[in-house]
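Everything on this sheet refers to the single structure shown next.
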Amino acid sequence: MDEQALLGLNPNADARYRQRAMAYFEQLKESQDAWEVCTEALAKGIYSDDHVKFFCFQVLEHQIKFRHASLSGAQQQLVRETLMKWLQCQLMNSQPEKVFIRNKAAQVFALTFVMDYPTLWPKFFFDVLSLVGLNPNGVDIYLRTLMAIDAEVVDRDILHSLEETRRNTLIKDGMREQCIPHLVESWFQILQTYQQSHPELTCQCLEVVGAYVSWIDLNLIANDQFVNLLLGQMSMEELREEACDCLLEIVNKGMDPLDKTKLVESLCRVLQSAGFFNVEQEEDVDFLAKFSRLVNGMGQNLVLSWTKLAKAGHVKDASETLQAVEAKVPLLLQLLVHEDDDISTNVVGFCYEYLHVLKQLPQLTDQQKSNVEAIMLAVMKKLKYDDEYNFENEGEDEAMFVEYRKQLKMLLDRLAQVSPELLLEAVRRFFANAMLNWQSAPFMEVEVAIRLLYMLGEALPASHGAHFSGDTTKTSALQDMMRTLVSCNVSSYQHTSVSLEFFETVVRYDKFFIVEPQHIPVVLMAFLDQRGLRNNSPKVRSRVAYLFSRFVKSLHKHMNTFIEDILTRIQDLLELAPPENGFPAQLTSDDQLFMFETAGVLIVNAESPVERKQALMRSLLLPLMDAFAMLLAKLLQEGEEERQVALADCLSHAVGFASRTSKAFSNKQTVKQCGCTEVYRDCMQTFLPALSCPIQRGVLRSSVRSFLHRMIICLEEEVLPFIPAASEHMLKDCEAKDLQEFIPLISQMTAKFKRQVSPFLQQVFMPLVLAIFEVLARPADDNDQAAALEKQMLRRSYFTFIQTVTGSGMNEVMANQGAENVERVVFTIIQGAVDIPDPIGQKTCFIILSKLVELWGGKDGMVGFPDFIYKHIVPACFLAPLKPTFDLADAQTVLTLSECAVTLKTIHLKRELCQVIQQPDVKVLKNYTKAFFQRAKL
């Protein structure tokens with residue numbers, strides 16, 4: 001071997017040697033026989049360097065994996081002999097090879113087995129076992145090889161081709177017939193021989209048994225001799241976890257439901273008599289985590305057997321299986337309430353399935369009702385936070401508990417389906433006790449009580465949240481609990497989790513306050529003082545800002561007498577935080593958005609005269625306008641970039657806040673009806689100058705553009721005088737993203753105002769189109785995917801804009817641009833339909849072409865357009881689908897083809913198509929067109 005190249009195998013070798021080693025590897029892989037030096041090195045143990053040994057196995061692996069069929073019979077025999085000689089060397093070594101070499105060797109053994117068994121090497125296992133005997137080093141390689149064979153042949157997580165699947169089936173059939181009993185016997189010998197002296201080998205063997213049991217004859221494993229051995233190992237500290245996993249694989253094996261019940265029951269009897277069901281006495285939580293998975297598997301398999309037996313009408317067998325399920329419930333409960341959440345999580349599946357069984361029964365027995373109540377109590381107990389939970393800095397442990405809580409919520413929802421009355425009563429009792437003593441109770445008791453009330457909202461569903469009408473038992477219980485919640489002063493509890501749960505619950509059951517509106521003032525005060533918006537915790541303040549917005553939106557009709565008082569109390573929370581202020585704001589800008597929307601809702605829905613609403617809205621928006629004008633002037637003079645960014649963000653927030661207030665208006669309460677048109681027009685005049693600001697242009701343009709979108713909806717035609725100047729600014733010095741975001745604004749206006757904006761559209765049409773052309777024509781690096789995507793999105797936006805103009809009935813907008821410009825634009829549509837491989841854009845282009853043919857293709861259409869149709873549009877309808885990039889297997893492309901067919905329908909093309917085009921049903925044409933182009937592409 002090339003000794004110099006081998007030096008490069010060391011991870012610490014320099015780049016030159018590593019490169020040489022790679023080249024040597026490639027050379028050995030591709031050579032007809034040079035790789036044989038590796039077989040000699042392995043068979044004779046020439047090299048002691050681990051990296052060289054690994055390298056030799058890699059070369060061998062490549063030959064077996066990719067060149068096995070091309071190897072001569074002698075070369076294939078050489079591979080087999082090499083492996084056996086290497087294995088023989090292992091038996092004599094005092095120290096085993098490193099794990100990574102043993103694993104690679106096992107992979108090579110497994111690959112050779114897969115290629116050679118059963119035809120070329122039918123005695124593979126006999127040869128290996130004869131050589132290995134009970135030598136620990138040899139047994140280790142044998143077990144690793146079995147796991148590697150499982151990965152190659154059995155593992156369902158690995159995708160196999162049809163050919164590989166067929167091969168694997170033949171291998172498994174051959175193994176079942178020829179060698180599985182011998183393998184099982186060898187496993188038994190290994191487990192028995194090494195359980196004391198070599199626990200790591202015993203664990204490996206248990207893993208092998210667990211892997212193979214799914215496809216071999218179960219009687220070979222599920223017999224007294226084997227099961228007793230496994231149970232003995234369940235009591236051995238170093239083996240018990242692996243033994244548990246092995247038993248779980250045995251339990252999970254697919255079989256007849258009655259046999260499965262018998263298997264699980266016999267296993268349970270033995271486990272119980274051996275004392276494994278006494279969970280409280282077990283201190284090893286790692287073992288209990290494995291044992292709980294075994295119990296879960298046994299329980300779920302019994303439920304599955306019951307389902308199959310009940311479905312098949314085997315009443316007696318189903319009844320006995322159900323009794324078997326019921327007998328496991330005490331054990332299930334012990335594990336469900338275990339203080340270790342991982343152990344509890346592991347049995348949630350069985351618990352859920354058991355409740356599903358109870359849900360299907362016509363009536364519950366007293367014992368079953370008792371089980372349901374016990375599960376309820378367990379869930380309530382386990383829902384509680386523990387002392388270690390870090391609310392201020394939530395990490396991985398906290399995230400796991402949140403996930404665990406979601407699983408408990410699933411159980412609670414299922415409990416509600418089994419027995420809503422029992423759940424309601426249990427929660428009511430628990431809640432009443434907690435609220436009675438909340439001042440002295442630990443936070444987790446108080447939080448979980450309110451949490452349970454909150455969870456009932458989903459567990460006991462009601463149409464549109466109408467929990468307080470209909471079934472009187474439910475409504476009176478919920479009403480009692482809500483009344484207690486808002487009147488017992490628990491909102492004063494000093495803990496973030498309790499505060500958050502209180503406000504979440506109040507908002508979930510907002511309909512309660514329609515039934516009992518006398519409680520609204522108390523809750524409003526909680527929202528507004530140190531319990532809510534003024535809470536010490538930023539997390540609580542932030543969430544409460546959102547919840548307050550929802551509360552007000554839902555109940556503003558009942559707040560008329562408090563509106564101005566609320567606005568006064570939240571006034572300081574509506575101030576724009578200046579960028580130079582070093583103090584942290586009470587609320588973030590995102591939270592303030594909710595506050596401005598809330599203020600808007602209160603003003604708009606107040607039962608006040610129009611003049612009062614107008615004055616309140618002006619007092620809300622005027623500080624924003626004043627601050628905006630002052631900050632814009634500062635920005636224009638600011639030279640430091642960090643300060644520029646801060647000022648621009650602040651300006652953007654001011655526009656966003658003003659914009660958010662407009663969400664309060666509706667069809668019933670429009671801007672005009674509320675007398676607020678003038679104040680929003682003043683806002684427009686204040687904000688629009690920011691469009692011409694050369695500093696931080698992207699942020700400012702984006703916020704003002706969003707404001708204009710809102711104003712088109714709210715101010716209607718009052719917005720029109722502002723659009724030309726705004727458009728002019730936004731089309732200056734554009735980037736692709738600017739244009740892409742500007743086009744929806746123009747499209748929105750076109751769709752809303754149609755003919756009213758025709759003169760403006762005629763004026764802005766070509767400047768906008770030319771700006772788009774200019775940006776699209778800019779050179780870009782071929783490897784710059786972001787720039788390519790931006791251009792694609794802009795091109796789509798451009799086509800959408802043309803579609804909006806042509807589809808809005810304003811023929812004159814394009815027609816009046818002059819023949820040369822019209823031709824230029826229409827050519828870009830032809831190009832988009834044919835040359836640019838983007839099915840979404842192509843589809844839009846064909847829609848435009850259809851519309852143009854409809855508008856201008858008749859006698860009174862545009863001069864010269866019929867000629868253009870035959871010269872350009874008709875060929876486009878054929879050229880586009882014939883492009884190699886036009887993929888008829890792609891759904892979007894098929895939609896494009898449909899639009900292409902519609903275009904042809906309008907044109908009446910060639911004779912072959914004439915009969916199809918005359919069909920009244922366009923679906924016939926679409927199907928014909930698809931078939932036509934599929935044939936044409938062959």
Side-chain angles (χ1 to χ4, degrees), residues 734 736 739-740 742-743 746-747 765-780 782 784-785 787-807 813-815 817-857 861-862 864-888 890 892-904 906-907 909 929 933 936-937:
C734 281
L739 284 168
Q740 200 186 310
F742 175 61
I743 290 168
I746 296 294
S747 298
F765 186 84
M766 277 321 288
L768 174 57
V769 166
L770 291 171
I772 294 168
F773 290 173
E774 191 270 321
V775 171
L776 289 175
R778 286 178 196 167
D782 289 345
D784 190 345
Q785 289 186 323
L789 184 64
E790 258 189 6
K791 282 193 175 183
Q792 184 190 57
M793 299 312 289
L794 175 58
R795 201 177 280 111
R796 283 182 189 175
S797 298
Y798 162 64
F799 293 144
T800 305
F801 168 61
I802 302 293
Q803 183 194 348
T804 307
V805 171
T806 53
V813 172
M814 265 179 73
Q817 300 303 319
E820 196 179 317
N821 284 334
V822 171
E823 189 174 350
R824 191 174 172 188
V825 169
V826 180
F827 267 125
T828 63
I829 307 304
I830 296 284
Q831 187 189 15
V834 178
D835 296 329
I836 297 160
D838 172 23
I840 294 171
Q842 287 175 288
K843 183 183 77 171
T844 310
C845 288
F846 278 114
I847 293 170
I848 295 165
L849 292 173
S850 293
K851 195 69 189 171
L852 291 177
V853 170
E854 200 181 298
L855 289 171
W856 297 339
M862 186 179 276
F865 195 74
D867 195 34
F868 186 89
I869 290 172
Y870 292 113
K871 275 188 181 172
H872 301 289
I873 299 181
V874 169
C877 293
F878 289 88
L879 288 169
L882 286 169
K883 288 272 181 187
T885 51
F886 201 88
D887 180 9
L888 290 168
D890 172 63
Q892 277 292 349
T893 307
V894 172
L895 292 175
T896 303
L897 192 62
S898 297
E899 293 305 334
C900 181
V902 172
T903 308
L904 284 168
T906 328
I907 301 170
L909 176 60
T929 313
F933 283 111
K937 281 189 163 195

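Just so we're clear, the structure is a prediction, and the values are computed from it rather than from any experiment.
- The side chain to side chain donor-acceptor pair (under 3.5 Å) search around Thr804 returns none, not counting sequence neighbours.
- For the atom pair CG of Leu776 and CD1 of Ile836, the computed distance is 8.0 Å after rounding to the nearest 0.5 Å.
- Using a 4.5 Å heavy-atom cutoff, the side chains of Ile829 and Leu849 are in contact.
- Phe742 places none of its side-chain heavy atoms less than 4.5 Å from the side chain of Ser797.
- Counting only heavy atoms from C-beta outward, the side chains of Tyr798 and Thr828 approach each other to under 4.5 Å.
- Ring geometry for Phe868 versus Phe865: interplanar angle under 30°, hence parallel rather than tilted (30 to 60°).
- Inter-residue side-chain proximity for Asp835 and Lys883 is flagged as met; some heavy-atom pair is nearer than 4.5 Å.
- Side-chain atoms of Ile847 and Phe799, non-hydrogen and from C-beta on, never get closer than 4.5 Å to each other.
- Of the possible donor and acceptor atoms, one in the side chain of Thr896 sits under 3.5 Å from a partner among the backbone N and O of Pro839.
- Ser898 is linked by a side chain to side chain donor-acceptor pair (under 3.5 Å) to nothing, counting only residues two or more places apart in sequence or in another chain.
- Closest approach of Asn821 to Gln817, counting heavy atoms only: ND2-O, 3.0 Å.
- Considering every non-hydrogen atom in both Gln803 and Thr844, the closest pair reads OE1-CG2, 3.1 Å.
- Using a 4.5 Å heavy-atom threshold, the side chains of Val775 and Glu790 count as separate.
- Contact detail for Phe846 and Ala876: the closest heavy-atom pair is CZ-O, 3.8 Å.
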Please lay out, stage by stage, how Glu820 and Arg824 fare under the test salt bridge (charged side-chain N to carboxylate O under 4.0 Å, His left out).
CA-CA 6 Å; Glu820 196 179 317; Arg824 191 174 172 188; over 6 Å; no

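- Taken from CZ in Phe773 to CE in Met766, the straight-line distance is 6.0 Å, to the nearest 0.5 Å.
- Smallest separation of non-hydrogen atoms from Gly857 and Ile869: CA-CD1, 3.9 Å.
- You'll find the side chain of Met814 reaches within 4.5 Å of the side chain of Val826, heavy atoms only.
- One finds the OG1 atom of Thr893 at 9.0 Å from the CG atom of Leu897 (value rounded to the nearest 0.5 Å).
- Taking CD of Glu899 as the reference point, atom SG of Cys845 lies at 11.5 Å (rounded to 0.5 Å).
- Going from atom CD1 of Ile743 over to atom CG of Leu794 covers 5.5 Å, rounded to the nearest 0.5 Å.
- In this structure, OG1 on Thr800 lies 9.5 Å from CD1 on Ile840, to the nearest 0.5 angstrom.
- The closest side-chain heavy-atom distance from Val822 to Trp856 is below 4.5 Å.
- At a threshold of 4.0 Å, the pair Arg795-Asp838 does not count as salt-bridged, since none of the basic side-chain nitrogens sits closer than that to a carboxylate oxygen.
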